[in-house]
Amino acid sequence: MAYIEQYQNQLSSAKILPVKTNDQLIMLKAEAIILADIQQSTLLIYTVDGIFATSETLVHFAKRVDNINFIQISKHAYINLDHLLSLSDSFSGNMTATLSQNMKTDVSRKYVKSLMQHLGIK
């Protein structure tokens with residue numbers, strides 16, 4: 001039963017997310033999203049195809065994605081674990097995540113433990 005549930009979750013995770021930018025509505029595939037990051041009051045969504053800016057909140061975005069591969073790494077960012085290449089120690093308990101497209105972002109020490117648990121690392 002667990003295998004069937006996981007398979008169904010994978011099918012539902014391959015969904016399209018409409019994202020409203022200033023001048024258009026973009027249809028993004030969830031698996032193409034690398035990072036969602038709030039900068040000032042703008043949500044920047046980094047994908048394999050480019051960067052898209054929207055006024056949507058990070059919390060609302062995370063609820064719409066509803067995918068187990070997306071995990072919060074700081075109070076202002078979510079990453080897609082499918083695009084996580086490596087983690088390295090940073091200063092004062094933080095870590096640096098290296099993602100697809102040569103992107104790097106900080107993992108806040110508050111979220112390091114939950115990230116490690118999600119990855120199955122103790």
Side-chain angles (χ1 to χ4, degrees):
M1 292 303 286
Y3 176 78
I4 292 171
E5 286 179 23
Q6 182 180 6
Y7 180 75
Q8 288 174 336
N9 287 341
Q10 288 175 348
L11 287 178
S12 66
S13 69
K15 65 179 184 179
I16 304 290
L17 288 171
V19 175
K20 187 174 182 352
T21 64
N22 287 338
D23 57 351
Q24 59 186 333
L25 186 67
I26 307 283
M27 305 306 252
L28 298 176
K29 291 182 180 176
E31 70 257 9
I33 299 171
I34 300 169
L35 167 72
D37 190 15
I38 290 285
Q39 293 185 3
Q40 296 168 343
S41 62
T42 303
L43 176 63
L44 296 177
I45 301 171
Y46 297 83
T47 71
V48 294
D49 299 319
I51 303 169
F52 302 97
T54 182
S55 60
E56 184 175 6
T57 66
L58 187 62
V59 172
H60 186 259
F61 173 80
K63 285 180 185 175
R64 286 193 324 120
V65 169
D66 190 31
N67 186 318
I68 59 168
N69 290 332
F70 282 81
I71 188 164
Q72 189 168 8
I73 58 163
S74 67
K75 67 180 184 177
H76 59 81
Y78 273 81
I79 61 169
N80 184 344
L81 293 176
D82 290 338
H83 292 279
L84 178 64
L85 301 177
S86 67
L87 289 168
S88 56
D89 289 329
S90 190
F91 59 93
S92 64
N94 293 347
M95 296 189 88
T96 300
T98 303
L99 305 165
S100 301
Q101 309 287 325
N102 293 323
M103 293 175 35
K104 290 188 180 197
T105 189
D106 292 324
V107 179
S108 171
R109 67 178 173 208
K110 177 180 174 184
Y111 295 92
V112 167
K113 185 176 180 180
S114 66
L115 175 60
M116 292 302 175
Q117 287 175 342
H118 199 80
L119 292 172
I121 301 169
K122 294 183 178 186

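Note that this is a predicted model, so its numbers are computed, not measured.
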Novice: How long is the span from the CZ atom in F70 to the CZ atom in R64, to the nearest 0.5 Å?
Specialist: 11.5 Å
Novice: Output all residues satisfying side chain to side chain contact (heavy atoms under 4.5 Å, CB included) with I51, sequence neighbours left out; order by chain, then residue number.
Specialist: L44, Y46
Novice: Who passes side chain to side chain contact (heavy atoms under 4.5 Å, CB included) against V48, sequence neighbours left out?
Specialist: A32, I34, H83, Q101
Novice: Using the rule that two of Ile, Leu, Val, Met, Phe, Trp, Tyr join whenever any of their side-chain heavy atoms come within less than 4.5 Å, decide whether M103 and I38 are in one cluster.
Specialist: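 Not linked; separate clusters.
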Novice: Just wondering, do L115 and L81 contact through their side chains at under 4.5 Å, heavy atoms?
Specialist: yes
Novice: Check the pair T54 / F61 against side-chain contact (heavy atoms from CB on, under 4.5 Å), numbers first and verdict last.
Specialist: CA-CA 10 Å; T54 182; F61 173 80; over 6 Å; no
Novice: Give, for atom CD1 of I73 and atom CG of L99, the distance between the pair rounded to the nearest 0.5 Å.
Specialist: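 Interatomic distance, I73 CD1 to L99 CG, rounded to 0.5 Å: 7.0 Å.
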Novice: Any side-chain heavy atom of I71 within less than 4.5 Å of one from Y111?
Specialist: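 No, side chains not in contact.
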Novice: Got a second to check how far I26's CD1 is from K20's NZ, nearest 0.5 Å?
Specialist: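 The CD1 atom of I26 sits 11.0 Å away from the NZ atom of K20.
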Novice: Let me confirm one number: the NZ-CD distance from K63 to E56, rounded to the nearest 0.5 Å.
Specialist: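 Reported to 0.5 Å precision, the distance equals 11.0 Å.
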Novice: Of all the heavy-atom pairs spanning Q72 and K75, show the shortest one and how long it is.
Specialist: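 Shortest heavy-atom separation between Q72 and K75 comes out as NE2-CA, 3.6 Å.
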Novice: When you compare the side chain of L43 with that of V19, does any pair of heavy atoms fall below 4.5 Å?
Specialist: no
Novice: At what distance, to the nearest 0.5 angstrom, does CG of D66 lie from CG of L17?
Specialist: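 Going from CG on D66 over to CG on L17, the span is 10.0 Å.
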Novice: Kindly give the heavy-atom pair with the smallest separation between A77 and L58, and that separation in Å.
Specialist: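 That closest heavy-atom pairing would be N-CD2, 3.5 Å.
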Novice: Are M116 and V107 linked, directly or through intermediate hydrophobic residues, by side-chain heavy-atom contacts shorter than 4.5 Å (ILVMFWY only)?
Specialist: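 Yes: a chain of side-chain contacts under 4.5 Å links V107 to M116.
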Novice: Under 4.5 Å between any side-chain heavy atoms of V65 and Y78, yes or no?
Specialist: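 The answer is no; the side chains never approach within 4.5 Å.
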Novice: Please check: side-chain N/O of N69 versus main-chain N/O of D82, any donor-acceptor pairing under 3.5 Å?
Specialist: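 Judged by distance alone, no pair lies under 3.5 Å.
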Novice: For residues 84-98, please give each side-chain donor-acceptor pair under 3.5 Å, one per line with the distance, not counting sequence neighbours.
Specialist:
| residue | atom | partner | partner atom | Å |
| --- | --- | --- | --- | --- |
| S86 | OG | T98 | OG1 | 3.4 |
| N94 | OD1 | R109 | N | 3.0 |

Novice: How many angstroms lie between CG in D37 and OG1 in T105, if you round to the nearest 0.5 Å?
Specialist: 5.5 Å
